[in-house]
S.K.: 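Here it is, the structure in full.
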Amino acid sequence: MNFTSMREALTSFSRSNVGVASAVLFSMLASIALWTVFPNIDDENHLLEWLQALFLALACTVHGVRAWQETDRQSLRFLMHAGLCALLFGFLLRELDIDQFGTAPAWAQLEKALRVVELLILIRVLIFFAPRCRKVFAHAGLIFSMRITILTAIGGLLMVAGWPFDKKVFHGMPDAYALLGEEVFELGAYLLLFLASLSDSSAAARISLAPEKKAAESSSHFKG
């Protein structure tokens with residue numbers, strides 16, 4: 001199977017509610033079952049965290065590629081994919097303890113450099129968003145009715161569901177179970193974010209976010 005056919009298969013799979021739900025549920029249950037045999041898989045920089053990083057990296061890459069391939073850089077679709085790419089890049093850096101990859105000072109410097117890059121990307125996205133925020137909010141109904149937004153939001157809720165385990169809200173729960181609960185919910189969340197990144201966003205491509213001045217100039221140029 002070549003890359004194109006694999007991408008088409010994954011995209012087709014992401015359209016199925018049953019398929020997406022089954023994949024997320026299976027990943028969570030499989031990680032619990034695997035933990036019973038290999039209890040160290042939820043430790044720092046072990047299997048579950050590497051899988052989380054993989055799904056986040058894939059989701060970030062897909063959004064980035066889709067933003068890059070968008071021909072209309074003034075469209076809502078471009079902003080959605082660019083914004084989600086920037087957001088997921090931040091999540092990815094949060095999951096990867098790059099400074100612990102080795103004892104050499106270069107690892108710590110690399111992590112700092114990537115965080116600076118993340119900050120610059122977020123600032124750039126905000127600068128792009130600011131003059132277009134009214135148009136974005138005006139289409140909030142459309143945005144939140146899109147499959148890509150719904151799946152991303154559910155992925156966010158799964159991330160939130162892991163927070164009580166991380167903060168040990170459930171008193172009396174052994175630390176091993178709390179750690180496993182956090183990692184399992186995050187794994188399901190990041191897999192869902194990856195599947196969400198493959199979802200159709202064509203409805204957003206028809207929405208122009210061009211500032212009024214630029215839109216008027218484009219219209220005048222077209223009439224001329």
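Only heavy atoms go into these numbers, but all of them, side chains included; no hydrogens, no water, no symmetry mates. All residue numbers in this chain count up from 1 along the given sequence.
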S.K.: Does any part of the side chain of Ser199, heavy atoms only, come nearer than 4.5 Å to the side chain of Arg15, both counted from C-beta?
M.R.: no
S.K.: What heavy-atom pair brings Gly188 and Ser27 nearest, and what distance separates the two atoms?
M.R.: CA-OG, 4.1 Å
S.K.: Under 4.5 Å between side-chain heavy atoms, counting indirect links through other Ile/Leu/Val/Met/Phe/Trp/Tyr residues: same cluster for Leu56 and Leu110 or not?
M.R.: yes
S.K.: To the closest 0.5 Å, what do you measure between CG (Leu48) and CG (Leu180)?
M.R.: 7.5 Å
S.K.: Which value, rounded to the nearest 0.5 Å, describes the distance between Gln52 atom CD and Leu187 atom CG?
M.R.: 6.0 Å
S.K.: Given the rule in the side-chain contact (heavy atoms from CB on, under 4.5 Å) test, do Glu183 and Ser31 qualify, once you have shown the distances and angles that lead to the verdict?
M.R.: CA-CA 9 Å; Glu183 301 300 336; Ser31 60; over 6 Å; no
S.K.: If you apply the rule side-chain contact (heavy atoms from CB on, under 4.5 Å), what do you find for Glu118 with Arg115, and how did you get there?
M.R.: CA-CA 5 Å; Glu118 173 203 357; Arg115 292 195 181 281; 4.2 Å; yes
S.K.: Under a 4.5 Å cut-off applied to non-hydrogen side-chain atoms, are Arg77 and Asp72 in contact?
M.R.: no
S.K.: Picking from Asp200, Val20, Leu198, what satisfies side-chain contact (heavy atoms from CB on, under 4.5 Å) with Arg147?
M.R.: Val20
S.K.: I want to check something: taking the side chain as every heavy atom from C-beta on, are Tyr190 and Glu95 in contact at a cut-off of under 4.5 Å?
M.R.: yes
S.K.: Salt bridge (charged side-chain N to carboxylate O under 4.0 Å, His left out) with Arg94: which residues, sequence neighbours excluded?
M.R.: Glu186
S.K.: Are the side chains of Ile143 and Ile207 in touch, meaning some heavy atoms are under 4.5 Å apart?
M.R.: no
S.K.: Kindly say whether Gln74 contributes a backbone atom to a donor-acceptor pair with the side chain of Arg132 at under 3.5 angstrom?
M.R.: no
S.K.: Could you tell me which non-hydrogen atom of Ala161 sits nearest to which non-hydrogen atom of Pro164, and how far apart they are?
M.R.: O-CD, 3.2 Å
S.K.: Do the side chains of Phe91 and Leu88 get nearer than 4.5 Å, heavy atoms only?
M.R.: yes
S.K.: Report whether Phe137 and Leu76 are members of the same hydrophobic cluster (ILVMFWY, side-chain heavy atoms less than 4.5 Å apart, transitive linking).
M.R.: yes
S.K.: With the 4.5 Å side-chain cut-off for hydrophobic clustering, are Leu195 and Phe26 part of the same group?
M.R.: no
S.K.: Rounded to the nearest 0.5 Å, what separates atom NZ in Lys168 from atom CG in Leu179?
M.R.: 7.5 Å
S.K.: Quick one: pull up CH2 in Trp163 and CG in Asp166 and give me the separation to the nearest 0.5 Å.
M.R.: 8.5 Å
S.K.: Around atom OH of Tyr177, are there more than 12 heavy atoms from other residues, nucleotides or ligands closer than 6.0 Å?
M.R.: no
S.K.: Quick one: NE2 on His46 to CG on Asp42, what's the gap to the nearest 0.5 Å?
M.R.: 9.0 Å
S.K.: Decide yes or no on side-chain contact (heavy atoms from CB on, under 4.5 Å) for Ile41 and Phe38, but give the supporting numbers first.
M.R.: CA-CA 6 Å; Ile41 63 171; Phe38 305 102; 3.7 Å; yes
S.K.: Given 3.5 Å as the limit, does a donor-acceptor pair link the side chain of Ser12 with the main chain of Ala9, or not?
M.R.: no
S.K.: If two hydrophobic side chains count as joined below 4.5 Å and joins carry through other members, does Phe170 share a cluster with Met28?
M.R.: yes
S.K.: Write down the atom of Leu192, the atom of Gly155, and the distance for their closest heavy-atom approach.
M.R.: CD2-N, 3.5 Å
S.K.: Atom CG of Leu54 and atom CD of Glu49: how far apart are they, to the nearest 0.5 Å?
M.R.: 13.5 Å
S.K.: For Ala178 and Phe165, work out which heavy atoms get closest and say how close.
M.R.: O-CB, 3.2 Å
S.K.: Is the shortest side-chain heavy-atom distance between Met159 and Leu193 below 4.5 Å?
M.R.: yes
S.K.: Identify whether Leu114 and Ile123 are in the same connected component of the hydrophobic contact network (ILVMFWY, side-chain heavy atoms under 4.5 Å).
M.R.: no
S.K.: Of all heavy-atom pairs between His63 and Ser197, which one has the smallest distance, and what is that distance?
M.R.: NE2-CB, 3.3 Å
S.K.: What closest approach, in Å, do Leu151 and Ala196 show between heavy atoms, and which atom pair accounts for it?
M.R.: CB-CB, 3.5 Å
S.K.: Find out whether Met146 and Ile150 are in side-chain contact, i.e. whether some heavy atom of one side chain is under 4.5 Å from a heavy atom of the other.
M.R.: no
S.K.: Decide yes or no for Asn40 and Asp43: does some side-chain heavy atom of the first lie under 4.5 Å from some side-chain heavy atom of the second?
M.R.: yes
S.K.: Can you classify the ring geometry of Phe128 versus Phe78 as parallel (below 30°), tilted (30 to 60°) or perpendicular (above 60°)?
M.R.: perpendicular
S.K.: May I ask you to decide if the ring planes of Phe55 and Phe194 are parallel, tilted or perpendicular, using 30° and 60° as cut-offs?
M.R.: parallel
S.K.: Let's go through Ser75 and Glu70 carefully: what are the C-alpha distance in whole Å and the side-chain angles of both, what is the deciding distance for side-chain contact (heavy atoms from CB on, under 4.5 Å) to 0.1 Å, and is it a yes or a no?
M.R.: CA-CA 8 Å; Ser75 69; Glu70 178 58 45; 3.6 Å; yes
S.K.: Arg66: what forms a salt bridge (charged side-chain N to carboxylate O under 4.0 Å, His left out) with it, not counting sequence neighbours?
M.R.: none
